[in-house]
Number of protein chains: 2
Amino acid sequence: MNNCSYIKNTKNEVSMDVLFELSEFFKFFGDTTRIRIIHLLLSGEVSVNDIAEKLNLEQSVVSHQLRILRTANLVKPRRDGRKMFYSLDDEHIGLIFNTGLTHILHKKGK
Amino acid sequence: MNNCSYIKNTKNEVSMDVLFELSEFFKFFGDTTRIRIIHLLLSGEVSVNDIAEKLNLEQSVVSHQLRILRTANLVKPRRDGRKMFYSLDDEHIGLIFNTGLTHILHKKGK
DNA sequence: TTAATATATGAACAGTTATTCATATTTTCA
DNA sequence: TGAAAATATGAATAACTGTTCATATATTAA
């Protein structure tokens, strides 16, 4: 039928706490600052200051949001000297981003 | 390379307002009540009272959340007599739900 | 038309969250 | 060791959001 493993059956039996975790997970994508950071990191790792500069955000804002993303294992840090480079933790993050993006662009195209 | 059209290139050039819309879009998935409603509607259309009953929620809560989902075109209503049946508007909704779900289950499996 | 059923809506409240500002921590280099 | 650079953190505030409760609207059947 299809070879995309993440297309699942429609008769899911999903427990209440998994649904809760799922909504918590989507919350991380539901903020403009975070989605811009995720989008930027799609092309590879970037330091905190570079994120702030490229997105025209205050360093403090970026650090706060990175902490949220890091705690949730959406991004991972790597120290190099006094710089910290952040990258997406997992290939699913980009997949979810792009699935949503495709939906938005598809809707706009009408 | 792959035949999944929603897997896009990693060198996205996405405008600021599309990123804003994208984060707004993900917000709808970022609430337990709404994600439970979406999950329930994955298996087909359900009336307002049935949603409330099956999810053990007050009718008012369901109506309020359905309005949000309806305004955002995530669900669509159909009137039958004095009942209103709601269903998912678009196949993307289920796809995004399942993509996130796969991620959660994958994480839990470790 | 009236009563009953099904759904929608408005206002108020409580809880959450992102940003701001100030400051602390960590690392490098002179 | 001390200063500078890079990042992290804490507290406070403002804005947003979901739920509750009461009520309004709409449809059907008697």
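To find a chain, count down the sequence lines: A is the first, B the second, and so on, and within it residues start at 1.
Nearest to the side-chain atoms of N49(B) among the listed nucleotides dG18(D), dT9(C), dA6(C) stands dA6(C). Closest to the side chain of R82(A), out of dC29(C), dA8(D), dT7(C), is dC29(C). When each of dA26(D), dT27(C), dA6(C) is scored by its nearest atom to the side-chain atoms of R79(A), the top-ranked nucleotide is dT27(C).
If you measure from atom CZ of F20(B) to atom P of dA18(C), you get 14 Å, rounded to the nearest angstrom. Rounded to an integer number of Å, the gap from CZ of F85(A) to C1' of dT7(D) is 12 Å. Distance I68(A) CD1 to dA18(C) C1': 8 Å, rounded to the nearest Å. Rounded to an integer number of Å, the gap from R67(A) CZ to dT17(C) P is 13 Å. The separation between E24(B) atom CD and dC16(D) atom C1' is 11 Å, rounded to whole Å. The interatomic distance linking L69(B) (CG) with dT17(D) (P) rounds to 14 Å, in whole Å. We find that CD of E45(A) is positioned 16 Å from C1' of dT7(D), with the value rounded to whole Å. Rounded to whole Å, atom P of dA6(C) lies 10 Å from atom CD of E53(B).
Contact annotation: Y86(A) side-chain N/O to dA6(D) OP1/OP2 distance is not under 4.0 Å. At the phosphate of dT17(D), neither OP1 nor OP2 sits under 4.0 Å from any side-chain N or O atom of R34(B).
Screening residues 18-28 of chain B for side-chain hydrogen bond (donor to acceptor under 3.5 Å, both in side chains) gives T32(A)-S23(B), K108(A)-E21(B), E24(B)-K27(B) as the qualifying pairs, with residues at least two apart or on separate chains.
The closest side-chain donor-acceptor pair between R78(B) and Y86(B), if any, does not fall under 3.5 angstrom. Checking N49(B) against S47(B) by side-chain atom types alone, no donor-acceptor pair falls below 3.5 Å.
Looking at K76(B) and E45(B), their side chains never come closer than 4.5 Å, going by heavy atoms from C-beta outward.
No path of Ile, Leu, Val, Met, Phe, Trp and Tyr side chains, each step under 4.5 Å between heavy atoms, connects L57(A) with F20(B), placing them in separate hydrophobic clusters. Residue L74(B) is grouped with residue V18(B) when hydrophobic side chains (ILVMFWY) are merged at heavy-atom distances under 4.5 angstrom, including chains of intermediate members.
Each of D80(A) and G30(A) was assigned the nucleotide of DNA chain C with the nearest heavy atom; the assignment lying further toward the 5' end belongs to G30(A).
In this pair, H92(B) and H103(A) present their aromatic rings perpendicular. The plane angle is above 60°, beyond the 30 to 60° band.
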- Message: Return a single string for nucleotides 19-25 of chain D, one symbol per nucleotide in 5' to 3' order, where B is base contact, S is sugar-phosphate-only contact and - is none, cutoff 4.0 angstrom on heavy atoms.
- Response: SBBB---
